[in-house]
2 protein chains.
Amino acid sequence: MEELLKISELSEQTGLSAHTLRYYEKHGLIQASTRSEAGYRFYTDSDVRRVQFVKTARNSGFSLDDISQLLSIRVDKESHSCQDVTDITQKKLDQVNAKLAELHSMQHTLELLLESCCGGPENATHCSIIEALDAGVVDKEAFGQARHEST
Amino acid sequence: MEELLKISELSEQTGLSAHTLRYYEKHGLIQASTRSEAGYRFYTDSDVRRVQFVKTARNSGFSLDDISQLLSIRVDKESHSCQDVTDITQKKLDQVNAKLAELHSMQHTLELLLESCCGGPENATHCSIIEALDAGVVDKEAFGQARHEST
DNA sequence: GTTGACCTTAGAGCCGACTCTAAAGTTACA
DNA sequence: TGTAACTTTAGAGTCGGCTCTAAGGTCAAC
């Protein structure tokens with residue numbers, strides 16, 4: 001006995017809003033196996049599993065486009081290799097690593113700025129953060145160097 | 001003798017496009033001190049320094065909104081404290097750290113996925129990445145645990 | 001038979017920071 | 001005088017992933 005779910009029920013089961021589910025459908029990620037005569041979507045267990053796959057992949061950092069590719073592998077595993085899958089995954093990891101590097105650099109800069117400034121209630125006439133930004137010194141190592149010397 | 005720059009010259013000096021400079025002006029970050037009769041923007045040295053401040057702050061990770069606040073401190077340092085400046089900076093650092101945590105978690109997940117899969121030319125019938133995403137196992141520690149045991 | 005909770009669609013709006021277009025005016029130089 | 005290279009403006013488009021709206025159709029309960 002197949003239990004068919006309406007969109008709100010699928011929403012409840014997956015934690016994705018009905019809006020999002022329709023959005024995913026519009027972008028070809030998922031589909032309701034059947035529709036009522038009135039056009040209401042009805043989802044099977046297999047549909048639910050597919051949606052959960054999408055959700056898990058989203059949580060893992062994959063874009064909808066990545067997921068689209070992963071899904072076409074999932075439905076026809078014989079026609080794809082493990083390498084196809086790792087290629088997608090590796091590419092995503094590369095992107096994540098690139099973004100991490102960028103953010104680490106920002107983190108470093110912001111930490112240096114914070115360390116350099118007293119942060120107190122005195123007025124900002126000689127605030128070293130404002131001064132550093134004014135000197136454009138932030139990208140250069142000089143800023144970190146200068147701080148190091150004075151420590 | 002004050003040397004006035006046209007927008008394309010400012011663009012050259014700063015590495016920001018004329019489009020971007022107009023965009024910054026529209027959003028209240030910068031302004032040309034004078035305009036020619038025909039309406040052409042002309043920038044002074046002081047304008048250039050302000051633009052460079054904006055650019056440095058952008059490179060450091062600050063949003064245009066942050067920079068807007070930093071600029072109002074910069075032009076009236078007496079009315080602001082160092083704490084005003086560190087508040088903005090700390091808030092930004094908190095955001096960066098939050099994003100870093102998120103990305104590290106993705107990195108971890110993707111690395112586990114990659115380690116679990118052979119990545120070879122054999123077909124994806126038993127691909128452990130697809131299986132892991134299917135099992136929704138990615139958020140849970142179980143995935144990492146399972147791998148650890150089998151190692 | 002009427003309320004109210006659901007469902008449908010196409011399409012607009014949002015976030016941030018640009019990026020670009022179109023149509024028109026200006027300037028420099030030959 | 002022509003023409004090429006600038007400049008101006010308002011406003012639209014881009015990216016990704018939703019999020020929401022409007023206007024209507026459906027369904028179950030009372």
Side-chain angles (χ1 to χ4, degrees), chain A residues 4-43 47 51 54-71 88 91-92 95-96 98-99 102-103 106, chain B residues 4-43 47 51 54-71 88 91-92 95-96 98-99 102-103 106:
Chain A
L4 296 175
L5 283 76
K6 282 196 282 186
I7 197 164
S8 61
E9 293 163 333
L10 179 59
S11 168
E12 243 174 278
Q13 281 220 5
T14 59
L16 300 169
S17 78
H19 279 304
T20 297
L21 292 168
R22 289 192 203 97
Y23 174 82
Y24 284 174
E25 178 176 315
K26 190 157 61 178
H27 287 71
L29 296 179
I30 62 172
Q31 227 199 314
S33 294
T34 44
R35 292 266 191 149
S36 75
E37 291 195 1
Y40 282 33
R41 290 166 177 84
F42 282 112
Y43 299 93
D47 296 336
V51 172
V54 172
K55 195 192 175 190
T56 304
R58 259 330 262 125
N59 288 344
S60 310
F62 290 105
S63 69
L64 298 191
D65 196 77
D66 295 331
I67 295 172
S68 183
Q69 292 174 247
L70 290 171
L71 282 167
I88 296 168
K91 203 169 136 198
K92 189 74 219 171
Q95 287 167 16
V96 167
K99 192 76 195 166
E102 199 183 314
L103 284 170
M106 283 183 193
Chain B
L4 296 175
L5 284 75
K6 283 197 281 186
I7 198 164
S8 61
E9 294 163 333
L10 179 59
S11 169
E12 242 173 278
Q13 281 221 4
T14 59
L16 300 169
S17 78
H19 280 305
T20 297
L21 291 167
R22 290 192 202 97
Y23 173 81
Y24 284 175
E25 178 176 315
K26 189 156 63 179
H27 287 72
L29 296 179
I30 62 171
Q31 226 198 317
S33 293
T34 45
R35 291 268 191 147
S36 74
E37 291 194 0
Y40 282 33
R41 291 166 177 84
F42 282 112
Y43 299 92
D47 295 336
V51 172
V54 172
K55 195 192 175 188
T56 304
R58 261 325 265 125
N59 288 344
S60 309
F62 290 105
S63 69
L64 298 191
D65 196 77
D66 296 331
I67 295 171
S68 183
Q69 292 174 249
L70 290 172
L71 282 167
I88 295 168
K91 204 169 135 198
K92 189 73 220 171
Q95 287 168 15
V96 167
K99 192 76 195 167
E102 199 183 314
L103 284 170
M106 282 184 193

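Chain letters run A, B, ... following the sequence lines, proteins first, then strands; residues in each count from 1.
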Checklist outcome for this item: side-chain hydrogen bond (donor to acceptor under 3.5 Å, both in side chains) filter on A:T20, not counting sequence neighbours, yields A:S17
Next on the checklist: Does anything in residues 9-21 of chain A come within less than 4.0 Å of DNA chain D? Heavy atoms only, and list the residues if so.
Outcome noted: A:H19, A:T20
Checklist outcome for this item: If each end axis of the helix from C:dG1-D:dC30 to C:dA30-D:dT1 is fitted on five C1' pair positions, the angle between them, to 10 degrees, is 30°
Checklist outcome for this item: At a 4.0 Å cut-off to heavy atoms of chain B, the contacted part of DNA chain D spans D:dC6 to D:dG11
Next on the checklist: Please enumerate all residues that pass side-chain contact (heavy atoms from CB on, under 4.5 Å) together with B:K99, with sequence neighbours excluded.
Outcome noted: A:L103, B:E102, B:L103
Item to check | All side-chain hydrogen bond (donor to acceptor under 3.5 Å, both in side chains) counterparts of B:D66, not counting sequence neighbours | outcome: B:S63
Next on the checklist: Under the rule for side-chain contact (heavy atoms from CB on, under 4.5 Å), what residues qualify as partners of B:H27, not counting sequence neighbours?
Outcome noted: B:Y23
Next on the checklist: For A:T56, is there any backbone N or O sitting under 3.5 Å from a side-chain donor or acceptor partner on A:S60?
Outcome noted: yes
Checklist entry - If you look at every strand shown and take non-hydrogen atoms under 4.0 Å, does B:F42 touch a base, only sugar-phosphate, or nothing? => result nothing
Checklist entry - For B:V51 and B:Y24, what are the C-alpha separation, side-chain angles and deciding distance, and is it a side chain to side chain contact (heavy atoms under 4.5 Å, CB included)? => result CA-CA 9 Å; B:V51 172; B:Y24 284 175; 5.7 Å; no
Checklist entry - How far does CZ of A:R22 sit from CG of A:L16, to the nearest 0.5 angstrom? => result 13.0 Å
Checklist entry - Quick one: CG on A:L10 to CG on A:L4, what's the gap to the nearest 0.5 Å? => result 11.5 Å
Next on the checklist: Minimum heavy-atom separation for A:T14 and A:K55, please, with both atom names.
Outcome noted: O-NZ, 2.8 Å
Next on the checklist: Run the salt bridge (charged side-chain N to carboxylate O under 4.0 Å, His left out) test against A:E12 and tell me which residues pass, sequence neighbours left out.
Outcome noted: none
Item to check | side-chain contact (heavy atoms from CB on, under 4.5 Å) involving A:S36 - partner list, sequence neighbours excluded | outcome: A:A38, A:Y40, A:F42
Checklist outcome for this item: On DNA chain D, more 5' by nearest nucleotide between A:Y24 and A:Y40 is A:Y24
Checklist entry - Partners of A:Q95 by side-chain hydrogen bond (donor to acceptor under 3.5 Å, both in side chains), sequence neighbours excluded? => result A:K92
Next on the checklist: Counting only heavy atoms and a strict 4.0 angstrom limit, can you tell me which residues of residues 31-38 of chain A come near DNA chain C?
Outcome noted: A:R35
Checklist outcome for this item: From the list B:D47, B:L71, B:V54, side chain to side chain contact (heavy atoms under 4.5 Å, CB included) with B:I30 holds only for B:V54
Item to check | Closest heavy-atom pair and its distance - B:A18, B:I7 | outcome: O-CD1, 3.8 Å
Next on the checklist: Could you tell me the boundaries of the chain A footprint on DNA chain C, defined by atoms under 4.0 Å from its heavy atoms?
Outcome noted: C:dC6 to C:dG11
Checklist entry - Counting any heavy atom closer than 4.0 Å, what does A:R58 reach on the DNA or RNA strands: base, sugar-phosphate only, or nothing? => result sugar-phosphate
Item to check | CA sep, side-chain torsions, deciding dist, call: A:R41, A:L5, side chain to side chain contact (heavy atoms under 4.5 Å, CB included) | outcome: CA-CA 8 Å; A:R41 290 166 177 84; A:L5 283 76; over 6 Å; no
